[in-house]
Number of protein chains: 2
Amino acid sequence: MVRPTMEDVALRAGVSRALVSLVMRGSPKVSELRRSAVLKAAEELGYSPHAMARSLASRTSTVLGVMVSDLHNAFFAEVVDGIDEVAREQGFDIIINTGGRSPARERRALESLLSFRPAGLVLLSPVVPATAIGKAAEQLPVVLVARSSRVSTVDTVNDDGEVGARLAVDHLVSLGHKRIAHLDGGEGTQAGPRRRGYVAAMEAHGLAPQVVSSEYTDAAGARAIRSLIADDALPTAILSCNDFNAVGAISALEDAGLCVPQDVSVVGYDNTSLAALRHVSLTTIDQPRAEFGRLAADALLQRVREERTEPVRHLLNPSLVVRTTTAPPGGPR
Amino acid sequence: MVRPTMEDVALRAGVSRALVSLVMRGSPKVSELRRSAVLKAAEELGYSPHAMARSLASRTSTVLGVMVSDLHNAFFAEVVDGIDEVAREQGFDIIINTGGRSPARERRALESLLSFRPAGLVLLSPVVPATAIGKAAEQLPVVLVARSSRVSTVDTVNDDGEVGARLAVDHLVSLGHKRIAHLDGGEGTQAGPRRRGYVAAMEAHGLAPQVVSSEYTDAAGARAIRSLIADDALPTAILSCNDFNAVGAISALEDAGLCVPQDVSVVGYDNTSLAALRHVSLTTIDQPRAEFGRLAADALLQRVREERTEPVRHLLNPSLVVRTTTAPPGGPR
DNA sequence: TCTATTGGTTGGAGCGCTCCAATGCTGTAA
DNA sequence: TTACAGCATTGGAGCGCTCCAACCAATAGA
């Protein structure tokens, strides 16, 4: 249970501790003879460098901290993939922590991450107050994903929800729909831009917006549909605030004896793995998630290397994924 | 960008560095006067202890490393919740890393985690070879979740897949089914026990097992159903190897004009969030995921505190969750 | 009065490493 | 031969912290 140290390797290889350090860092100024002796000794002892001692001594770190607000959401997993890819390319490791969507837990996760003195921090859709983010940003470079900020030391990567909503509306309009309702995400992240994009797109087409208050869950989507039916206000097409909501909406429509897409078309948002299931096959708006991660890592590493001090604000374009829940109104031709 | 050290706090509070250290660790042998002075100074400077320096000096760690084989799978998120809960209770933090189901990436993630010298390691369904796990276990306590091991220094936490499969078969038999097929998980984790449990339960009921080769995806589930239909070998009930497979199976059945559960009953496995969607409402087998995490953390912390040297092998009982994809054979009564 | 005892406080050593100035050792030019 | 590069190699200081023995009142006991 006790790991060998550099000293042990040096002793075994018959060289100094400093020489072992050079070999471990791949320095070119070591003779081939010593290098192989050191590597052999390290191998035999099962030695690997102590990252903490290293970063303590060098006052640098090759670790990026990633705070995932919700591990349950596969959205973040793909962003992490993107971060990981870029980080690894550039010789950095990542450590992840999660806040479980609770500000208190998230704050603690942040503290924990900071206590490792990583080179930088990526916060995925954090729910902590902006002041906490600002404080962290005083200590190290910080990038926010799926959350905006006006702090000049913080970079951000977001999708353009207005564009996404417009894509969906344009698609439905091109199919011939005129009555298109939006099941709104309420207080949820990014619900605002999506709603604004929907309203703007409707008005641009000369159509009357119909915003129905809802939430990011399948139960809420179903509830919204039931209330629309009860009010006799069901449109020919629905733009849900996200995929879960859309699936709930579809099931409520089917419960009411309506067919999707023949009677009502439904569009989701996020293109989660759920949407791709053949059983669901949801037309939806895709966000370039891995790209989010890559851009976030790139931005962070630029700051880490002090190549840039001006903030960047990435706003990525989502895209439309047409599956089988949308069709022209009035049944199949 | 430069964080204050203990020295800075000591200077500002007019005490020694050692005294600050005592305060930071909540030692009782500090006068109230000094304690408040130190805390005030720390607050003013925005000081928080450097976890790495601390663990280096104390040769202990309050960090548990968690390797998640696949961040995309919400199964692990719930296990992590359980780990996090117990760890936090006992004053430990967790850092997560992911291997993305690739042995090479996972190995690297393991290395990275080890380089922080955590107090212990939880591996969630790792795909690295057993030797790599054994090597890690020489350096620190290791607990395996959703993977078994015979190494005596490694604790394991698993669900009893045989019991789960039997629960499903018993449920279907009690509904009156006699022809029940199992869509097999092939090489997938835990596919073996599930298959064995299915076969044993069928034989216990005096029924003929029908194992159909498949995989843990919805496409595979659909394929398996189509081949059963093509062979005119469709049973009255299906036990899928997991929920994804079950959803694929359902959609293929519906495509073929069959109704679930009137014509064919379907049972999944895992009780993912997918199964709970009203649109899916899948009868399935639930694993106590958070309990996995809690037990894993408990076992690990026992080893960390050297309270135990004998391995523990937790085998948890899954439970049946009846939703709407199962019914007596031959349509509704 | 003097010595123990106790509780609070401190300086110094050291955790495993990096960094740097200094050292030794070639080989080459004068 | 001496001088001087040029290069590989080394010891020591120090990163921010913990731990420990030592220390210093202040009080208690004899």
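Values reported hereafter were calculated over all heavy atoms of this structure, with side chains retained and with hydrogens, waters and symmetry mates removed. In the text below, chain A, chain B and the rest are named by the order of the sequence lines, each starting its count at 1.
- In terms of heavy-atom proximity, A:V145 sits nearest to A:F292 at CG1-CD2, 3.9 Å.
- Using modelled atom types and a 3.5 Å distance limit, the side chains of A:H314 and A:D155 yield no donor-acceptor pair.
- Evaluation of the side chain to side chain donor-acceptor pair (under 3.5 Å) rule for A:D84 yields A:R88, B:R105 as partners, not counting sequence neighbours.
- Side-chain contact of B:S148 with B:R313: a donor-acceptor pair under 3.5 Å is absent, judged by distance alone.
- Within the structure, every pair that satisfies the salt bridge (charged side-chain N to carboxylate O under 4.0 Å, His left out) test and touches residues 107-121 of chain B, not counting sequence neighbours, is listed here: A:D93-B:R108.
- In this structure, A:S16 has no side chain to side chain donor-acceptor pair (under 3.5 Å) partners at least two apart in sequence or on a different chain.
- Judged by distance alone, with hydrogens and angles left aside, the side-chain atoms of A:R147 form a donor-acceptor pair with the main-chain N or O of A:P126 at under 3.5 Å.
- Residues satisfying the side chain to side chain donor-acceptor pair (under 3.5 Å) criterion with B:E310, sequence neighbours excluded, are absent altogether.
- Ranked by how close their nearest DNA chain C nucleotide is to the 5' end, B:L19 and A:R59 are led by B:L19.
- Bounding nucleotides for the chain A contact on DNA chain C, 5' to 3', at a heavy-atom distance below 4.0 Å, are C:dG16 to C:dC19.
- Fit an axis to the five pairs at each end of the helix from C:dT1-D:dA30 to C:dA30-D:dT1 and the two axes sit 70° apart, to the nearest 10 degrees.
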Residues A:S21, A:R25; criterion side chain to side chain donor-acceptor pair (under 3.5 Å); working and verdict: CA-CA 6 Å; A:S21 171; A:R25 282 175 291 149; 2.7 Å; yes
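- Using a 4.0 Å cut-off on heavy atoms, the residues of residues 21-49 of chain B that approach DNA chain D are B:S21, B:R25, B:Y47, B:P49, listed by number.
- Comparing B:L56 and A:A18 by the nucleotide of DNA chain C whose heavy atom lies nearest to each, the residue mapping closer to the 5' end is B:L56.
- Judged as a salt bridge (Lys or Arg N to Asp or Glu O under 4.0 Å), and not counting sequence neighbours, B:K135 has no contacts.
- Checked against salt bridge (Lys or Arg N to Asp or Glu O under 4.0 Å), B:E187 has no partners two or more places apart in sequence or in another chain.
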How would you summarise protein contacts on nucleotides 22-27 of chain D per nucleotide, using B for base, S for sugar-phosphate only and - for none, with heavy-atom distances below 4.0 Å? ------
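- Sorted by first and then second residue, the salt bridge (charged side-chain N to carboxylate O under 4.0 Å, His left out) pairs with a member in residues 44-73 of chain B read B:R12-B:E44, B:K40-B:E44; sequence neighbours excluded.
- In this structure A:E306 satisfies the salt bridge (Lys or Arg N to Asp or Glu O under 4.0 Å) test with no other residue, sequence neighbours excluded.
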